[in-house]
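Convention: sequence-line order gives letters A, B, ...; per-chain numbering from 1. Just the heavy atoms: all of them, side chains too, but no hydrogens, waters or symmetry mates, feed the values below.
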2 protein chains.
Amino acid sequence: MEKSSDVLTKEQIIAATEETIKRYGMAKTSVTDVAKSLGVSHGSIYRHFKSKTELFEAATEQWLEEKIIAPLADVCRDSSLRGVGHVQAYIRTLVQLKRHYAREDEALFAMYAKVTDESAELISKHIGRIIGHLTDIMLRGGLKSDQPERSAGAVFYATARFHHPAHAYEWKSPAIDAEFSDVWALIEQGLKTND
Amino acid sequence: MEKSSDVLTKEQIIAATEETIKRYGMAKTSVTDVAKSLGVSHGSIYRHFKSKTELFEAATEQWLEEKIIAPLADVCRDSSLRGVGHVQAYIRTLVQLKRHYAREDEALFAMYAKVTDESAELISKHIGRIIGHLTDIMLRGGLKSDQPERSAGAVFYATARFHHPAHAYEWKSPAIDAEFSDVWALIEQGLKTND
DNA sequence: CAACTGACAAAAAATAAAATTTGTCAGTTG
DNA sequence: CAACTGACAAATTTTATTTTTTGTCAGTTG
């Protein structure tokens with residue numbers, strides 16, 4: 001990737017970072033490599049990002065926003081869905097998205113797994129957004145009006161095995177779909193009872 | 001630890017392995033170190049265990065049996081408990097045991113985490129025993145008579161965040177107890193509905 | 001003068017060399 | 001002769017050495 005304009009932007013740098021990670025993998029990508037792919041000196045990158053960590057966190061935040069949060073926000077907004085079915089559609093989408101990227105975009109999924117594992121702040125912000133969506137869905141669906149945020153968290157954590165990257169290798173099991181359905185059946189009953 | 005009798009047994013070797021891991025940590029423990037602590041040549045250990053992997057797996061199996069399965073079997077057998085409350089007592093015990101050893105016996109907990117992470121067979125056998133217990137409790141409590149084993153699995157996997165070693169660092173959070181209670185409330189409703 | 005370069009020291013990573021560990025087995029010992 | 005030893009090759013790990021990378025900044029450039 002060559003310099004396309006004469007002002008270097010954060011967006012360009014992040015795009016080059018993703019490309020470089022896809023080419024060399026997470027472990028082998030250096031700031032120097034990213035600079036090389038942009039045709040600039042690595043010092044330039046440090047005018048835009050304080051550190052390598054900050055650069056990788058910015059790339060991960062963008063990736064999460066675009067690949068995970070945006071499609072989830074669509075499901076959240078979907079007015080054809082209501083109540084428990086809406087929650088189910090949301091969680092199923094979350095689970096499918098994670099599985100999709102774990103398989104189809106290993107390099108950037110590895111970036112997301114590593115960066116979130118090392119940044120409590122980033123992961124907690126991300127989880128906060130998802131629990132926010134779920135809370136919203138529950139309120140609009142008239143579910144669990146007493147403590148909707150805690151119920152939202154409970155649904156999220158009860159399905160952790162199906163969306164937390166630490167469990168990604170388990171997603172290859174042929175039993176995983178049945179196991180999710182069984183867990184979902186349990187949760188669904190729990191959600192239905194208290195509405 | 002010196003040789004206590006003149007016939008070397010698997011049990012002695014496993015005990016020495018645990019001691020050595022506690023002393024040097026998982027990463028720094030070699031078969032040679034274990035042999036040294038027994039006052040034998042490392043070749044002797046290979047008459048009892050085909051490989052270092054097999055030795056560590058045997059030590060882990062014993063640890064799981066003694067520290068996790070045995071106390072869980074007690075809860076399973078406890079005739080003062082029935083139905084959903086029995087399931088809850090079982091899962092709470094499982095969660096507490098894992099947390100206890102993660103904190104109080106880091107070295108052997110690390111052994112368990114590493115060995116199970118690397119042996120699909122060992123972990124699947126262990127999970128099988130727990131799901132067996134839960135199935136038993138459910139049948140005796142008259143819960144979910146249609147597919148008790150699948151419900152048992154659902155309860156186990158829905159609480160994975162609270163007992164799977166990949167989540168051990170999250171157990172330090174002060175919110176963890178509240179989060180477990182919220183997940184449990186959801187599960188409990190699910191279990192109660194279908195009995 | 002804002003945006004970038006390139007030279008630099010400190011930190012980290014890769015490579016090379018040395019030492020240890022793993023696993024085997026012929027031979028010793030009680 | 002069953003149980004163990006100790007010497008050995010191959011594999012792995014550790015340590016030492018070299019190279020690269022990170023992060024800074026004074027200086028250049030358009």
### Query
Taking C-beta and beyond as the side chain, do B/Ile187 and A/Gln189 meet within less than 4.5 Å on heavy atoms?
no
### Message
Distance check needed: C/dA13 P versus A/Met26 CE, whole Å only.
### Response
12 Å
### Message
Please pick, from D/dT22, C/dA3, C/dT22, the nucleotide with the shortest atom-to-atom distance to any side-chain atom of A/Val7.
### Response
C/dA3
### Query
What class does the angle between the rings of A/Phe156 and A/His163 fall in, given that below 30° is parallel, 30 to 60° is tilted and above 60° is perpendicular?
parallel
### Of A/Lys28 and A/Arg47, the one whose closest DNA chain C nucleotide lies more 5'
A/Arg47
### Query
Quick check: does any side chain N or O of B/His133 sit under 3.5 Å from a backbone N or O of B/Gly128, one acting as donor and the other as acceptor?
no
### Nearest listed nucleotide, side chain of B/His42, among C/dT21, C/dG23, D/dT24
C/dG23
### Query
B/Lys36 has an atom NZ; how far is it from atom C1' of D/dC4, in whole Å?
18 Å
#### Entry: Interatomic distance where CD1 belongs to A/Ile45 and P belongs to D/dT21 [whole Å]
13 Å
### Query
Is the shortest side-chain N to carboxylate O distance from A/Glu179 to B/Arg150 below 4.0 Å?
no
### Query
Quick one: which of C/dT22, D/dG6, C/dA3 gets closest to the side chain of B/Ser41?
D/dG6
### Message
Looking at B/Arg99 and B/Asp177, is there a salt bridge between them, counting it only when a charged N and a carboxylate O are closer than 4.0 Å?
### Response
yes
### Query
Could you give the NZ-to-P distance, from A/Lys52 to D/dT22, as a whole number of Å?
4 Å
### Task
Let me know the distance between NZ of B/Lys50 and C1' of C/dC25, rounded to the nearest Å.
17 Å
### Query
What is the distance, rounded to the nearest whole Å, between atom NZ of A/Lys10 and atom P of C/dA3?
12 Å
### Side-chain N or O of B/Thr32 closer than 4.0 Å to phosphate OP1/OP2 of C/dT20
no
### Task
Please state how far atom CD in B/Glu54 lies from atom P in C/dT22, giving the value in whole angstrom units.
15 Å
### Task
Ignoring the backbone of B/His48, work out which of C/dT21, D/dC4, D/dT5 is nearest its side chain.
D/dC4
### Query
Does D/dT12 pair with anything, Watson-Crick or G-U wobble, both distances under 3.5 Å, and if so, with which nucleotide?
C/dA19
### Query
Is there a Watson-Crick or G-U wobble partner for C/dT29 with both distances under 3.5 Å, and if so, which one is it?
D/dA2
### Query
Given that A/Ser44 and A/Val31 both sit by DNA chain D, which one's nearest nucleotide is further toward the 5' end?
A/Val31
### Message
If I take atom OH in residue B/Tyr46 and atom P in nucleotide C/dT22, what distance separates them, rounded to the nearest angstrom?
### Response
5 Å
